[in-house]
There are 2 protein chains.
Amino acid sequence: MGQLTRGKSKELSNTYNEILEKIHDRDYKLTPQRQVILRIMLEHGHQHLSAEEVYNIVKREASEIGLATVYRTLELLAELEVLQKLNFDDGRSRYELNDREVHHHHHLVCIQCGRVMEFAEDLLEELEKKVWNESKFLVLDHQVKFIGLCQECQGKTEKDQ
Amino acid sequence: MGQLTRGKSKELSNTYNEILEKIHDRDYKLTPQRQVILRIMLEHGHQHLSAEEVYNIVKREASEIGLATVYRTLELLAELEVLQKLNFDDGRSRYELNDREVHHHHHLVCIQCGRVMEFAEDLLEELEKKVWNESKFLVLDHQVKFIGLCQECQGKTEKDQ
DNA sequence: CTCGGTGCAAATCATTTGCATTAGT
DNA sequence: ACTAATGCAAATGATTTGCACCGAG
């Protein structure tokens, strides 16, 4: 949230204004719908929202935006690398803010309660380097998902259920 | 990786017969459909097949199995940890053999041509340990996906297309 | 003024499900 | 025999798309 103003900054942009600028640079139009959805994603960026969830938040907070537009806008923001599209095998895509500071983290998906937690990014650079050295695949991004049992559910499985 | 023979061995099983036994142990019926699909997955286990692709192979090689049964069987085999369910954001789930020897590897997904390559499993144990130490989340499995450009497509993007 | 963007409804498409029939055990 | 498993076909549910209208540049 600091107001950094100087510096060329990395490819990823994250402040509201930087993103608006990015939209403009790519000759996309700055519609009120896009602004609303972007604002909501900036506010709820860590919540792994699905298109429908975004749609509902919009309906509650602002007036209303067509569901199709929500889909199209989320897709657009993912293409702009503002959002990251995620899949937790619950039958719908989810989006999270691609935060420059936090970069992305790993996801811990509990098979019992379905909750998704986060785990600070770590150790992947070394692996990416290795991928490049051994296969010449140019890594632009990565997603790491751990499937298992969260602390609460570990207790449960032994006794109940 | 070594041929450990003693000990209780890990949970994963992989030979045709071991899997049949596992099906039997869990009181699932050993139907010809399940045997056919299992055989096909053992033969094409590295190909990230979708349900529909399995369905077509069945139709070509053996007689025919209902698509719904293919879905149900793949789901069953995933539950038995014989298969791993994967998602490469192409709108359908894919399945790959959960090979005990190779364990699973990371996936390199090319954003240009869509091809999916594999990369030997590595370095994740350390990270899993860290996850446990810091968050007490019990990791049972993981999936690592690298998104980027394969060697061929790196050339293309600079000139063509 | 001109297109790209939006909203709606209809279309798609993967996956799931109800149910009568079949077949492992 | 007793159920679980199968195979349809119909239902579901997320996502996409066609198209008339609207509004950002």
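Just so we're on the same page: letters track the sequence lines, and every chain starts at 1. For clarity, every value in this text was computed on a predicted model and none was experimentally measured.
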**Request:** Going 5' to 3' through nucleotides 11-20 of chain D, assign each nucleotide B (protein heavy atom under 4.0 Å from a base atom), S (under 4.0 Å only from sugar-phosphate atoms) or - (no protein heavy atom that close).
**Result:** ---SBBBB--

**Request:** Return the value, rounded to whole Å, for the distance between atom CD1 of A:I23 and atom C1' of C:dG5.
**Result:** 13 Å

**Item:** Whole-Å distance separating the OH atom of B:Y55 from the C1' atom of D:dG7
**Value:** 10 Å

**Message:** Run the side chain to side chain donor-acceptor pair (under 3.5 Å) test on A:H142 and B:H106 for me, step by step, so that the C-alpha distance in whole Å, both residues' side-chain angles and the decisive distance to 0.1 Å come before the verdict.
**Reply:** CA-CA 10 Å; A:H142 63 245; B:H106 311 317; over 6 Å; no

**Request:** Verify, without hydrogens or angle tests, whether B:N98 (side chain) and B:V82 (backbone) share a donor-acceptor contact under 3.5 angstrom.
**Result:** no

**Asked** Any donor and acceptor pair, going by atom type alone, linking the side chain of A:Q35 with main-chain N or O of A:L20 inside 3.5 Å?
**Response** no

**Spacing between A:L30 atom CG and C:dC3 atom C1', to the nearest angstrom** = 16 Å

**Item:** Pair A:H48 + A:F88: ring centers closer than 6.0 Å
**Value:** yes

**Prompt:** Looking at residues at least two apart in the chain, or sitting in another chain, which of them share a side-chain hydrogen bond (donor to acceptor under 3.5 Å, both in side chains) with B:R94?
**Reply:** B:E53, B:D90

Side-chain donor-acceptor pairs under 3.5 Å in residues 64-76 of chain B, sequence neighbours left out?
| unit_1 | atom_1 | unit_2 | atom_2 | d |
| --- | --- | --- | --- | --- |
| B:E64 | OE2 | B:Y55 | OH | 2.8 |
| B:T73 | OG1 | B:T69 | O | 2.8 |
| B:E75 | OE1 | B:K85 | NZ | 3.3 |
| B:E75 | OE1 | B:Y95 | OH | 3.1 |

**Item:** Between P of D:dC8 and NZ of B:K59, the distance in whole Å
**Value:** 11 Å

**Asked** B:H105 and B:E96: side-chain donor and acceptor closer than 3.5 Å?
**Response** yes

**Asked** Could you walk me through whether B:K22 and B:E18 pass the salt bridge (Lys or Arg N to Asp or Glu O under 4.0 Å) check?
**Response** CA-CA 6 Å; B:K22 194 182 247 185; B:E18 280 174 321; over 6 Å; no

Extract all donor-acceptor atom pairs below 3.5 Å that involve side chains of residues 24-33 of chain A and protein atoms in other chains or at least two apart in sequence.
| unit_1 | atom_1 | unit_2 | atom_2 | d |
| --- | --- | --- | --- | --- |
| A:R26 | NH1 | A:E79 | OE2 | 3.1 |
| A:Y28 | OH | A:E79 | OE1 | 3.4 |
| A:T31 | OG1 | A:R34 | N | 3.2 |

**Message:** Taking A:E152 first and then A:R115, would you say they form a salt bridge - that is, a charged N and a carboxylate O separated by under 4.0 Å?
**Reply:** yes

Atom pairs under 3.5 Å, N or O on each side, protein against nucleotides 1-5 of chain D: can you list them with distances?
| unit_1 | atom_1 | unit_2 | atom_2 | d |
| --- | --- | --- | --- | --- |
| D:dT3 | O2 | B:K29 | NZ | 3.2 |
| D:dA4 | O4' | B:K29 | NZ | 3.4 |
| D:dA5 | OP1 | B:R34 | NH1 | 3.1 |
| D:dA5 | OP1 | B:R34 | NH2 | 3.2 |

**Request:** Measure the distance from CG on A:L74 to P on C:dG5 and round it to the nearest whole Å.
**Result:** 15 Å

**Prompt:** Relative to the 5' end of DNA chain D, which residue comes earlier, A:P32 or B:T73, by the nucleotide with the nearest heavy atom?
**Reply:** B:T73

**Request:** To the nearest Å, give me how far apart CG (A:D89) and P (C:dA14) are.
**Result:** 17 Å

**Prompt:** If you look at every heavy atom in B:E118 and B:L108, which pair is closest and at what distance?
**Reply:** O-CD1, 4.4 Å

**Complete:** Separation of D:dC22 atom P from A:I65 atom CD1, nearest Å, is 18 Å

**Request:** Rounding to 10 degrees, work out the angle separating the end axes of the helix from C:dC1-D:dG25 to C:dT25-D:dA1 (five pairs an end).
**Result:** 40°

